[in-house]
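Let me begin by presenting the structure, written as structure tokens, before commenting on it.
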Amino acid sequence: MENQTVLYMLVLSGLSDLPSLQLPLFLVFLLVYLMTLTGNLLIVLLICTDSHLQTPMYFFLGTLACLDMGYSSVTIPRMLFDFHTQKKLISIQACITQIFFIMFFAVSEVSLLAVMSYDRYVAICHPLHYTQIMHWKACVLLVLGVLMFSVVYTLVHVLLLLKLTFCRLNPLQSFFCDLPQLLLVSCSDTSINLLLILILAILVAGGIFALTFCPYIIILNTIMKMQSKAMRSKAFSTCSSHLTVVFIFYGTAFFSYFHPNVKDHSAVDKVSSVIYTVLTPLVNPLIYSLRNEIMKTSLKRAVCRLIQT
């Protein structure tokens with residue numbers, strides 16, 4: 001350790017080193033970011049102002065929209081800043097702070113998707129008891145529980161990160177600070193960190209994954225037993241948007257983090273990172289609005305009110 005220089009600044013590799021691509025990429029991701037904020041903010045405003053949308057399902061959807069805005073705001077502004085700098089430097093403290101918020105919003109989102117699965121299970125399998133089970137106090141407590149769990153989960157990793165020393169000059173092969181990438185540039189013993197990632201991935205991620213998908217086994221069984229074709233179609237439509245978002249998020253995240261070799265970050269890995277950190281928050285409001293008749297009707301009413309005023 002005596003001959004090793006402690007680093008206080010790290011280098012991000014970014015999406016591309018080609019100078020000719022910096023401005024086009026900046027404009028593309030600026031547009032994506034503005035569309036993400038606009039789409040998710042529109043969903044939140046519609047849910048808050050339209051009495052038809054003030055139900056548990058849309059309360060969770062509004063919370064998801066808020067998480068998506070936070071999730072994209074952790075990565076995209078920093079990426080936009082780096083497009084204008086030749087050396088993409090970031091301090092250790094800023095890097096760990098970014099990791100904290102990325103993990104917090106990611107864990108909150110997957111946990112909320114599990115809660116939304118439970119909400120759909122109660123609505124479809126126990127419709128007569130839905131209002132008794134999913135009352136407003138229960139919904140608020142579920143969201144608060146998700147946020148508190150995400151903070152605790154993230155702090156466990158971050159507190160261990162603060163004990164590490166960084167001395168390797170290897171650039172982080174990403175456009176944002178990623179936990180596995182940060183561990184690669186540490187000259188401290190990271191075996192505890194890696195063991196914790198493995199254990200929590202199996203226990204926590206596996207548990208959330210099961211809580212998200214297991215209710216749909218019962219939901220699909222219940223839907224198939226419905227005699228009315230209209231009821232089956234309505235039930236499928238309320239679930240399809242949620243399942244689409246779940247598959248996009250889990251698919252890209254699994255591909256990126258469970259790559260056979262974490263050190264080999266190819267262009268494909270960076271594309272998958274862009275999808276789950278940048279594009280997923282963008283497409284979520286599109287999926288829920290375009291595939292949801294109630295949301296589309298609410299949007300039409302809001303537009304009509306604006307025109308009349």
Side-chain angles (χ1 to χ4, degrees), residues 60 63-64 67-68 70-71 74-75 95-122 133 138-164 174 176-184 186 188-220 242-243 245-263 265 269 272-273 275-277 280-281 284:
F60 294 134
T63 305
L64 181 66
L67 292 176
D68 280 334
Y71 195 28
V74 176
T75 55
C95 190
I96 293 177
T97 301
Q98 189 182 48
I99 286 176
F100 173 85
F101 283 106
I102 287 174
M103 291 185 66
F104 168 75
F105 285 116
V107 175
S108 296
E109 185 153 333
V110 294
S111 301
L112 185 64
L113 290 173
V115 170
M116 294 172 75
S117 291
Y118 175 71
D119 173 69
R120 291 300 83 208
Y121 161 75
V122 177
I133 298 174
C139 294
V140 172
L141 289 175
L142 283 170
V143 171
L144 289 177
V146 164
L147 298 178
M148 290 176 62
F149 167 74
S150 302
V151 169
V152 173
Y153 178 90
T154 305
L155 279 177
V156 171
H157 288 287
V158 169
L159 291 176
L160 284 176
L161 272 180
L162 293 174
K163 298 180 180 295
L164 300 180
S174 183
F176 63 92
C177 286
D178 198 17
L179 178 58
Q181 286 292 308
L182 186 60
L183 294 179
L184 291 176
S186 173
S188 304
D189 182 12
T190 59
S191 57
I192 296 178
N193 303 75
L194 294 171
L195 181 62
L196 187 66
I197 292 174
L198 178 62
I199 293 174
L200 291 182
I202 295 173
L203 296 179
V204 177
I208 294 175
F209 184 84
L211 290 173
T212 303
F213 285 98
C214 285
Y216 274 101
I217 299 175
I218 306 173
I219 289 172
L220 291 175
H242 177 252
L243 278 175
V245 171
V246 168
F247 279 121
I248 291 175
F249 191 92
Y250 273 98
T252 54
F254 271 115
F255 180 82
S256 181
Y257 283 102
F258 291 90
H259 194 276
N261 186 2
V262 179
K263 296 181 181 180
H265 268 247
D269 298 312
S272 66
S273 297
I275 292 174
Y276 81 85
T277 60
T280 299
N284 283 355

Looking only at heavy atoms, what is the nearest atom pair of S108 and S150, with distance? OG-OG, 2.9 Å

Note: V146 and L112 closest approach over all heavy atoms is CG1-N, 4.1 Å

If you count heavy atoms of other groups shown closer than 6.0 angstrom to OH of Y216, is the number above 12? yes

To the closest 0.5 Å, what do you measure between CG (N284) and OG1 (T280)? 6.5 Å

Which residues pass the disulfide (SG to SG under 2.5 Å) test with C139, not counting sequence neighbours? none

Are any side-chain N or O atoms of E109 and backbone N or O atoms of L64, one a donor and one an acceptor, separated by less than 3.5 Å? no

Could you check whether any side-chain heavy atom of F100 comes within less than 4.5 Å of a side-chain heavy atom of L155, counting everything from C-beta outward? yes

To the nearest 0.5 Å, what is the distance between OG1 on T154 and CG on L161? 11.0 Å

Interatomic distance, L243 atom CG to L220 atom CG [nearest 0.5 angstrom]: 7.5 Å

Rounded to the nearest 0.5 Å, the CZ atom of F247 sits from the OG1 atom of T212 at a distance of 10.5 Å

Taking every heavy atom of Y71 against every heavy atom of P281, the minimum-distance pair comes out as CD2-CG, 4.1 Å

ring-ring contact (aromatic ring centres under 6.0 Å, His included) filter on F104, not counting sequence neighbours, yields none

How long is the span from the CD1 atom in I208 to the CG atom in L203, to the nearest 0.5 Å? 11.0 Å

Donor-acceptor under 3.5 Å (D178 side chain, P180 main chain): no

Please enumerate all residues that pass ring-ring contact (aromatic ring centres under 6.0 Å, His included) together with F209, with sequence neighbours excluded. F213, Y250

Within the distance-only criterion (no hydrogens, no angle test), does the side chain of H157 pair as donor or acceptor with the backbone N or O of I197 below 3.5 angstrom? no

Pairwise side-chain contact, L183 with L164, heavy-atom cut-off 4.5 Å (strictly under): yes

Between Y121 and I133, is a side chain to side chain contact (heavy atoms under 4.5 Å, CB included) present by the stated rule, with each step listed? CA-CA 11 Å; Y121 161 75; I133 298 174; over 6 Å; no

Quick one: does I96's side chain get under 4.5 Å of L182's, heavy atoms only? yes

Below 4.5 Å, heavy atoms only, C-beta onward: do F60 and L142 meet side chain to side chain? yes

Grab the two heavy atoms, one from Q98 and one from C177, that are nearest each other, plus how far apart they are. OE1-N, 2.8 Å

Is any side-chain heavy atom of V151 closer than 4.5 Å to one of L147? no

Give, for atom OG of S188 and atom CG of N193, the distance between the pair rounded to the nearest 0.5 Å. 9.0 Å

Minimum side-chain heavy-atom gap L179-I102 below 4.5 Å: no

Do the non-hydrogen side-chain atoms of M116 and V245 ever get within less than 4.5 Å of each other? no

Within 6.0 angstrom of I192 CD1, more than 12 heavy atoms from elsewhere: no

